[in-house]
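Just below is one structure, and these are the notes that go with it.
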Amino acid sequence: MTSERTKLDAMGTLRRSHGCGQIDRSCVGEEVVVAGWAHRRRDHGGVIFVDLRDQGGLVQVVFRPETSTEAHERAGDIRSEWVILARGVVEARSAETVNAKMATGEVEVNVHELRVLNSASPPPFPIEEEAGADESVRLKHRIHDLRRPPLQRALAVRDALSRAMRQSLSSQGFMDIETPMLARATPEGARDFLVPSRMHPGSFYALPQSPQIMKQLLMVSGFERYYQIARCFRDEDQRADRQLEFTQVDLEMSFVGVEEVLAVLEKTTRDGCLGAAGVELPEPFPRMSYSEAMDRFGCDRPDTRILLELVDMTDLFSTSGFKAFKGVVDKGGIVKCLPVHDADGISRSEIDRLESFVRKELGARGLGWIRIAEDGEWRSPIVKFLTEEERAAIAERSEARPGSLLFFQADVADKANAILSRLRIDLGEKLGRVDGRDWDVLFVVDFPLFERDDKGQLTYVHQPFVAPLEEDIPLLETNPEAVRGTHYDVVMNGTELGSGSLRNHRADIQRDILRALGYSEEQMQQSFGFMLDALELGAPPHGGFAFGFDRMVMVLAGADSLRDVVAFPKTQRGQDLLLEAPSPVATDQLDELSIRVRLPKPE
RNA sequence: GGGGCGGUAGUUCAACUGGUUAGAGCACUGGCCUGUCACGCCAGAAGUUGCGGGUUCGAAUCCCGUCCGCCCCGCCA
């Protein structure tokens, strides 16, 4: 490489005196020593300019033969990302040469001595605000990508948030306690990452999906306020907001009800957002019930800055002659509408595009729509199936007027809501139907404890340890589906930052719940025996929460993907393209673990 | 597991319906240049068109398979 042809210098005793970004008018006349990476180089033959970059900023250093022949000569070799140390005098730039686009653009460093500390191969993409490169290239060359300002900023937000939340929790009396990374495999929930035990051939540890069980055991142990910034692992498919390994700010507290936990959450969230990004959140946080969120927004983590709302019309179609919708209602489905007023901006071809989008991406059966023209006429493929009375009812409920465009979904509730919720967000953002606030935080409360899966079996909505509301405990035996849980979410800008609940501290209630979920006594003992046993050792009432720390950074840093707020993220297929993990291992290593690999047979 | 979009030089992209030697910007290399700041000018090098197979006189282009990246459903809380 270039380094073979370039003689590199040692630092010697020369040390940095200023960060590049610190150099300003007040330094004029001073001798300074700056160090960093050659961001850009402009060689005019006689005079050479280098924009020198360190973590704190950028400053122009100048090499002139009349200042130092030797430094000027060596500066001719400098290329992008070379590492240099330069001693020189800060000079004010003349009025014509001031660069207003640069924070340090009023000054420059006239270099007397240059030490080339390292050369570098050329970066595969420019180290700029916008990478302008495909994400796989960025991930493969993560070291260069991490030099870019957006990632530098995101990791700084991450650090600040971590510090602010630790400080907040510490001031509220929480104690940081670490829990094991080598834990026990669990049959419930997500797939575990397994770690083979050398000393116990055939047995495995599991990396924790969360410290959930362990923090409950700490409550039983008498640590009344626990917290931890914990790494969690789930071997499930990736999304923009889901990585295989991620970080939770995990906390748990004893002798509290929902209100005390929410108060801690509110303070911790406020302190975190303020400390990490200077964001001031309202006090108290608004609250919304799960059913209201689903009803109005079709989503349990609504971004309430978007002004569009859904309208339920299920009852209107239960007796309708419009068979497509009535049939859905007869089978227990719902019909909901997303009214968009003053929708002239949405063309017919845009509607077609939306329809094909919801069909392809979201599995919709179709997209019903009605446009009310300026002359009041209804233009729609479905209007011919509707009676006068139905039209009047639809118009009244959707507050339709000339210029309105109504979108319909008739399907099982989850799907209809998911589709309209997505349309609401897309159209709301595209049409600018937003209230103008930068930050939108709310608590979503009153989740049900159970739901039916597609086989009709009762399953838990969140996790099996969520405590029911005290007054609903009798319903566990008689009408479990009506039991309300003590679960709550914190939602910010349409992203679920985290969730928590009160937990079952009484073994008998925990057993009742597991029984309702269809566990036999044996299965209960096998899967949750140690937990049930622990609850009989003097478990205090307790509850807690876990923030999705990475998601919180993502929201505060304005990033679209977790990969932009994690230093070394994995791809959607779970690979680290820089370190090339996962990788096969040597047979020796496997032998020691008593493991033989049996690869799936190719077709 | 399923659906969608994409994969051409280091990189970002182009190459009409299959048709000569696959082009351009940036980056890179060499040269020139004393006030640039996305410096400029001149010259140059750079390609297994992701991979494998097929159709064809002829494939970056059409077909099949496969790998990789991203988005989504399932999955995950």
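Residue numbers begin at 1 in each chain, while the letters A, B, ... track the order of the sequences.
Taking a pair to require two hydrogen-bonding distances under 3.5 Å in either a Watson-Crick or a G-U wobble arrangement, B:rC37 remains unpaired. In this structure, B:rG18 makes no Watson-Crick or G-U wobble pair, since no nucleotide meets both defining distances under 3.5 angstrom. B:rA27 is unpaired under the criterion used here, namely a Watson-Crick or G-U wobble arrangement in which both key atom distances are under 3.5 Å. Using the Watson-Crick or G-U wobble rule with both distances under 3.5 Å, B:rG6 pairs with B:rC68.
OP1 or OP2 of B:rC28 has not a single side-chain nitrogen or oxygen of A:Arg79 nearer than 4.0 Å. Contact annotation: A:Arg41 side-chain N/O to B:rC28 OP1/OP2 distance is not under 4.0 Å. Between A:Gln209 and B:rC76 there is no side-chain N or O to OP1 or OP2 distance below 4.0 Å. Listed pair A:Thr571 / B:rG69 meets the phosphate criterion, a side-chain N or O lying under 4.0 Å from OP1 or OP2.
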Practice problem: Applying side chain to side chain contact (heavy atoms under 4.5 Å, CB included), run through A:Glu106 and A:Asp24 and close with a yes or a no. | Solution: CA-CA 7 Å; A:Glu106 287 188 282; A:Asp24 58 20; over 6 Å; no
Practice problem: Dump the intermediate steps for side chain to side chain contact (heavy atoms under 4.5 Å, CB included) on A:Phe450 and A:Ile513, then the final yes or no. | Solution: CA-CA 9 Å; A:Phe450 302 118; A:Ile513 286 170; 3.9 Å; yes
Quiz item: So A:Leu169 and A:Thr268, side chain to side chain contact (heavy atoms under 4.5 Å, CB included) or not? Walk me through it.
Solution: CA-CA 7 Å; A:Leu169 286 165; A:Thr268 310; 3.7 Å; yes
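For A:Lys415, the NZ atom is densely surrounded, since the number of other residues' heavy atoms within 6.0 Å is greater than 12. Within 6.0 Å of the CG atom in A:Leu579, the count of heavy atoms belonging to other residues, nucleotides or ligands exceeds 12. Crowding of A:Arg452 atom CZ: a count of heavy atoms from other residues, nucleotides or ligands under 6.0 Å exceeding 12.
In this structure, A:Ser136 and A:Glu496 both approach RNA chain B, and ranking their closest nucleotides by distance from the 5' end singles out A:Ser136. Judged by closest nucleotide on RNA chain B, A:Gly132 is the one of A:Ser499 and A:Gly132 placed further toward the 5' end.
If you check B:rC39, B:rC76, B:rC37 against the side chain of A:Arg40, the one that comes closest is B:rC39. Of the candidates B:rC71, B:rU34, B:rG69, the closest approach to any side-chain atom of A:Glu66 belongs to B:rU34. Checked against B:rC70, B:rA38, B:rC68, the side chain of A:Asn99 finds its nearest nucleotide in B:rA38. You'll find that the side chain of A:Ser80 is closest to B:rC28, out of B:rC28, B:rC72, B:rC37. Checking B:rA38, B:rU11, B:rA77 against every side-chain atom of A:Lys101, the shortest atom distance belongs to B:rA38. Out of B:rU11, B:rU36, B:rC71, the shortest distance to the side chain of A:Arg42 is found at B:rU36. Nearest nucleotide to the side chain of A:Arg422, out of B:rC72, B:rC76, B:rC28: B:rC72. Comparing atom distances between the A:Gln60 side chain and each of B:rC37, B:rC70, B:rC33 picks out B:rC37 as nearest.
For A:Tyr488 and A:Phe443, the gap between ring centers reaches or exceeds 6.0 Å.
Counting non-hydrogen atoms under 4.0 angstrom, A:Gly548 reaches nothing in the nucleic acid. Residue contacts for A:Arg563: at a heavy-atom cut-off of 4.0 Å it reaches the sugar-phosphate backbone alone, with no base atom in range. Among the heavy atoms of the strands lying under 4.0 Å from A:Arg93 is at least one base atom, whether or not backbone atoms are also near. Residue A:Glu108 is classed as a base contact, given a heavy-atom separation below 4.0 Å to a base. Among the heavy atoms of the strands lying under 4.0 Å from A:Asp43 is at least one base atom, whether or not backbone atoms are also near.
Stacking of A:His44 onto the six-membered ring of B:rU36 is not present when judged by under 5.5 angstrom between centres and under 30° between planes.
With both ends at atom C1', the span from B:rU56 to B:rC64 equals 16 Å, rounded to whole Å. Rounded to the nearest Å, the gap between the C1' atom of B:rG19 and that of B:rC13 is 23 Å. As rounded to the nearest Å, B:rA14 and B:rC68 have P atoms that lie 25 Å from one another. Taking atom P on both nucleotides, B:rA15 is separated from B:rU20 by 15 Å, rounded to a whole Å. Between B:rU36 and B:rG69, the two P atoms lie 46 Å apart (nearest whole Å). Comparing the C1' positions of B:rG47 and B:rG7 gives a spacing of 15 Å, expressed to the nearest Å. Separation of the C1' atoms belonging to B:rG4 and B:rA9 is 29 Å when rounded to the nearest angstrom. With P as the reference atom, B:rU12 and B:rG50 are 13 Å apart, rounded to whole Å.
Within residues 237-250 of chain A, the residues that place at least one heavy atom under 4.0 Å from RNA chain B are, in residue-number order, A:Asp237, A:Arg239, A:Ala240, A:Arg242.
A:Glu128 has its CD atom 12 Å from the C1' atom of B:rC37, to the nearest Å. With rounding to whole Å, A:Phe357 atom CZ is found 12 Å from B:rC73 atom C1'.
A side-chain donor from one of A:Thr179 and A:Gln228 sits under 3.5 Å from a side-chain acceptor of the other. When only modelled atom types and interatomic distance are considered, A:Thr186 and A:Arg184 share no side-chain donor-acceptor pair under 3.5 Å.
The list of salt bridge (Lys or Arg N to Asp or Glu O under 4.0 Å) pairs with a residue in residues 89-101 of chain A, not counting sequence neighbours, reads A:Arg64-A:Glu91, A:Arg93-A:Glu108.
Closest heavy-atom contact between A:Asp145 and A:Ala131: OD1-CB, 4.3 Å.
Two residues are said to be in side-chain contact when any heavy atoms from C-beta on lie closer than 4.5 Å; A:Leu577 and A:Ser136 meet this criterion.
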Dump every N/O contact between nucleotides 3-10 of chain B and the protein below 3.5 Å, one line per pair.
unit_1	atom_1	unit_2	atom_2	d
B:rG3	N2	A:Glu361	OE2	3.4

